[in-house]
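Notes follow the structure.
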Number of protein chains: 2
Amino acid sequence: MEPTAKLSKKRISESTIHRLSLYYRTLSLLEKENYETVSSKELAKREKLTPAQVRKDLSFFGTFGTRGLGYPVIELKKQIASILGIDRQWRVALVGVGNIGSALVSYKEFSRQDFHIVKLFDNDQRKIGSNHKGIVISDIKNLETELPEAKIEIVIVAVPATVAQYIVDDVVKAGIKAILNFAPVNLKVPDDVYVRNENMSMELEYLSFAMVNEHPKKKVK
Amino acid sequence: MEPTAKLSKKRISESTIHRLSLYYRTLSLLEKENYETVSSKELAKREKLTPAQVRKDLSFFGTFGTRGLGYPVIELKKQIASILGIDRQWRVALVGVGNIGSALVSYKEFSRQDFHIVKLFDNDQRKIGSNHKGIVISDIKNLETELPEAKIEIVIVAVPATVAQYIVDDVVKAGIKAILNFAPVNLKVPDDVYVRNENMSMELEYLSFAMVNEHPKKKVK
DNA sequence: ATTATTTTGTGAAGGTTTTCACATAAACAA
DNA sequence: TTGTTTATGTGAAAACCTTCACAAAATAAT
Ligand SMILES: NC(=O)c1ccc[n+]([C@@H]2O[C@H](COP(=O)([O-])OP(=O)(O)OC[C@H]3O[C@@H](n4cnc5c(N)ncnc54)[C@H](O)[C@@H]3O)[C@@H](O)[C@H]2O)c1
Ligand SMILES: NC(=O)c1ccc[n+]([C@@H]2O[C@H](COP(=O)([O-])OP(=O)(O)OC[C@H]3O[C@@H](n4cnc5c(N)ncnc54)[C@H](O)[C@@H]3O)[C@@H](O)[C@H]2O)c1
């Protein structure tokens, strides 16, 4: 059966995309464990999902498996990489080289996954010009000129919440269409700009809610 | 109309809880801006949601508004805090005082929201015993005894992925029921333990997918 | 070969979440 | 007062997402 690239009009749900990320990570692991093929059942078990969910998710994008056998690990991993758009390098800039910013620069998972932080910006004179993990920190004043020059496609925002919107306004002016935001604010951006928020308080608050209310988990088969 | 605390059997969706966190943050902002009341319309606008969504979310927990007027900002904030269980202090420990761990210890939003990191653990002899932001780093060997001693209720896991499961096994043995995990692995825990994962690659991959596929956003009114 | 077994891919069913739409109630204006 | 406006709270409808269940296809066993 040939893997087919469906170019369907149907909107794919956010959950499906997130699960593709999980499948990708698990397939990498399976590859290391020398699995040649994997069934939807096994994949589901590892992700605490149902096999039907796994098959349905994949079916939105094509047919990748062999009946009676399962999915070829290496090939499926490649296909998911292609679907997610991580079969290429993304040039990433980070604004705000503080506590969390510095941590992210050192985060090996990003570079392993072809997200390369190649530019850093800050407004602190003590930081500007200094070399941080092999990257010279640029002055935030030069954001609008240097982002296009460096062919940046994704910007990570790690500045204080009070200035995040101003920074993002400039980031958008520079033509950037994708932003990963760590500041605890709702950013306003034009319709054609994608923003994802990392909100750690939200997850802690979920834990808090769950404990206080003995919130039942979704049943898992 | 009296605010009523519904003790319903119905499972509240994860999305609703996450939105409560957003409402809470926005209400804090509205309080600072000296709003006395706020309508579901205004709240929705700030969160990029529909007014109906806001009202429905709140209605699961009681009736907090006044028809013709809206919701009293301070009172609603209190009510949401009570629902989320953040009207009290949570004692938090963090394991793995590395790049991301250190950043989290410095994260003021946590302490402002009554999540207090009061204990740090690591296995690096150079770090153990040293004072980090006013907390002496403990030896990971003492995890099982010191977690109960310090009355810890939530543990943040910020150790390398390869050891995360072992750490979590010990954390669970120590009786902890809530874990915030930063390691990129699917942790196995008993049914009565809540785990939330912070997966930053997932969000970057979502951005990647969205850009490559020109993924339409959900329509927003 | 033939049969039993495995496992995919997918319509349809079932379940959950969001949105609609309106009765209801409070506030405000005249 | 009375009427007009505003805005909640909520069943019902619509949209969306997950699971079911089974035909189809491939493998493995006899
Ligand atoms: N520390 C954490 O663990 C953590 C976790 C989640 C989210 N956040 C959020 O991430 C952001 C940064 O947090 P942090 O703890 O790293 O703070 P930080 O103060 O350590 O870092 C902020 C950095 O941004 C720089 N900066 C300030 N204004 C700037 C401007 N106008 N232009 C460019 N750079 C500017 C500062 O010089 C500093 O280097 C905050 O919004 C915070 O709420 C932090
Ligand atoms: N750096 C980031 O921005 C980032 C972002 C998201 C997730 N993560 C994840 O968070 C984890 C930590 O990442 P990091 O960049 O901070 O790494 P790091 O190496 O800087 O920190 C890891 C810390 O854990 C300690 N440690 C190692 N083994 C331990 C053990 N058995 N018991 C106790 N402590 C132990 C180390 O001494 C070190 O202090 C990793 O799983 C990583 O994938 C990191």
Side-chain angles (χ1 to χ4, degrees), chain A residues 1-6 8-20 22-23 35-45 47-73 75-76 79 215-221, chain B residues 1-6 8-20 22-23 30 35-73 75-76 79 215-221:
Chain A
M1 210 179 294
E2 278 298 292
T4 50
K6 257 183 216 170
S8 104
K9 276 278 100 75
K10 201 180 169 307
R11 188 181 188 278
I12 304 292
S13 80
E14 182 172 318
S15 315
T16 291
I17 306 308
H18 279 170
R19 283 190 298 265
L20 287 186
L22 293 179
Y23 303 153
Y35 279 67
E36 299 227 320
T37 58
V38 64
S39 64
S40 59
K41 195 173 162 191
E42 170 71 14
L43 216 38
K45 203 185 98 197
E47 315 292 356
K48 298 207 191 84
L49 302 168
T50 63
Q53 179 79 83
V54 173
R55 295 200 299 277
K56 182 60 95 178
D57 282 338
L58 295 174
S59 79
F60 294 135
F61 302 98
T63 66
F64 306 110
T66 305
R67 289 166 193 228
L69 191 60
Y71 299 92
V73 170
E75 176 60 22
L76 182 59
Q79 294 282 346
H215 198 228
K217 300 184 186 180
K218 277 194 182 172
K219 73 164 188 294
V220 172
K221 296 283 161 62
Chain B
M1 211 178 292
E2 277 299 291
T4 51
K6 257 184 216 171
S8 104
K9 279 276 102 73
K10 201 179 173 301
R11 191 183 184 275
I12 303 295
S13 80
E14 181 170 321
S15 316
T16 291
I17 306 309
H18 279 171
R19 283 191 298 267
L20 287 186
L22 294 180
Y23 304 154
L30 288 165
Y35 279 68
E36 298 228 320
T37 59
V38 63
S39 63
S40 59
K41 196 174 163 192
E42 170 70 15
L43 217 37
K45 204 185 100 200
R46 299 206 177 207
E47 314 295 355
K48 300 207 190 84
L49 302 168
T50 63
Q53 179 81 81
V54 173
R55 294 200 299 276
K56 182 63 94 179
D57 282 339
L58 295 175
S59 79
F60 294 135
F61 302 98
T63 67
F64 307 110
T66 306
R67 290 168 193 222
L69 191 62
Y71 300 92
V73 170
E75 176 58 23
L76 182 59
Q79 293 283 345
H215 197 229
K217 301 184 188 181
K218 278 196 181 170
K219 73 164 188 298
V220 172
K221 295 289 162 57

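Just so it is clear: chains get the letters A, B, ... in the order the sequence lines come, proteins before strands, and each one is counted from 1. FYI, side chains are in, hydrogens and waters are out, and symmetry mates aren't considered; it's all heavy atoms of this structure.
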- [ ] Please tell me which of B:E14 and B:R55 maps to the more 5' nucleotide of DNA chain C, matching each residue to the nucleotide holding its nearest heavy atom.
- [x] B:E14
Task: B:G68 or A:G68, whichever maps to the more 5' nucleotide of DNA chain C - done: A:G68
TODO: Would you name the heavy atoms of B:S40 and B:R55 that are closest together and state the gap between them?
DONE: OG-NH1, 3.1 Å
Open item on the list: In whole Å, I'd like the distance from the CZ atom of A:F64 to the P atom of C:dT10.
Closed with: 11 Å
Task: Gap between atoms CG and C1', on A:L20 and D:dC17 respectively (whole Å) - done: 15 Å
Task: Closest heavy-atom pair and its distance - B:V54, B:L43 - done: CG1-CD2, 4.0 Å
Open item on the list: Side-chain N or O of A:T66 versus OP1/OP2 of C:dT8: is the shortest distance under 4.0 Å?
Closed with: no
Task: Value in whole Å for how far the C1' atom of D:dT18 lies from CG of A:D57 - done: 10 Å
TODO: Verify the contact: side-chain N or O of B:S40 to OP1 or OP2 of D:dT8, cut-off strictly under 4.0 Å; return yes or no.
DONE: yes
Open item on the list: Looking at D:dA15, I'd like to know if its phosphate oxygens (OP1 or OP2) sit under 4.0 Å from a side-chain N or O belonging to A:R11.
Closed with: no
Open item on the list: Please report the distance, rounded to the nearest Å, between NZ in A:K56 and P in C:dG11.
Closed with: 7 Å
Open item on the list: Measuring to OP1 and OP2 of C:dA23, would you say a side-chain N or O of B:R67 lies under 4.0 angstrom away?
Closed with: no
Open item on the list: Would the distance check show the side chain of A:H215 and the main-chain N or O of B:I12 forming a donor-acceptor pair, the cut-off being under 3.5 Å?
Closed with: yes
Task: Flag side-chain contact, heavy atom, 4.5 Å: B:T66 against B:Y71 - done: no
Open item on the list: Between C1' on D:dA7 and CD on B:E36, what's the gap in Å once rounded to a whole number?
Closed with: 17 Å
- [ ] Report the distance from atom CD of B:Q53 to atom P of C:dT16, rounded to the nearest whole Å.
- [x] 17 Å
Open item on the list: Please report the distance, rounded to the nearest Å, between CZ in B:F60 and P in D:dT10.
Closed with: 11 Å
Open item on the list: Counting only side-chain heavy atoms from C-beta out, which of C:dT18, D:dT10, C:dG9 sits nearest to A:T63?
Closed with: C:dG9
Task: d(CG, A:L69; P, D:dA25) in whole Å - done: 16 Å
Task: OP1 or OP2 of C:dT7 under 4.0 Å from side-chain N/O of A:S39 - done: no
Open item on the list: On DNA chain D, does the nearest nucleotide to A:A52 precede the nearest nucleotide to B:G70 from the 5' side, or the other way round? Give the residue.
Closed with: B:G70
Open item on the list: Looking at every non-hydrogen atom in both residues, tell me the closest pair between B:L22 and B:E47 and how far apart they are.
Closed with: O-OE2, 3.2 Å
TODO: Establish, with yes or no, whether the OP1 or OP2 oxygen of D:dT6 is under 4.0 angstrom from a side-chain nitrogen or oxygen of B:Y71.
DONE: no
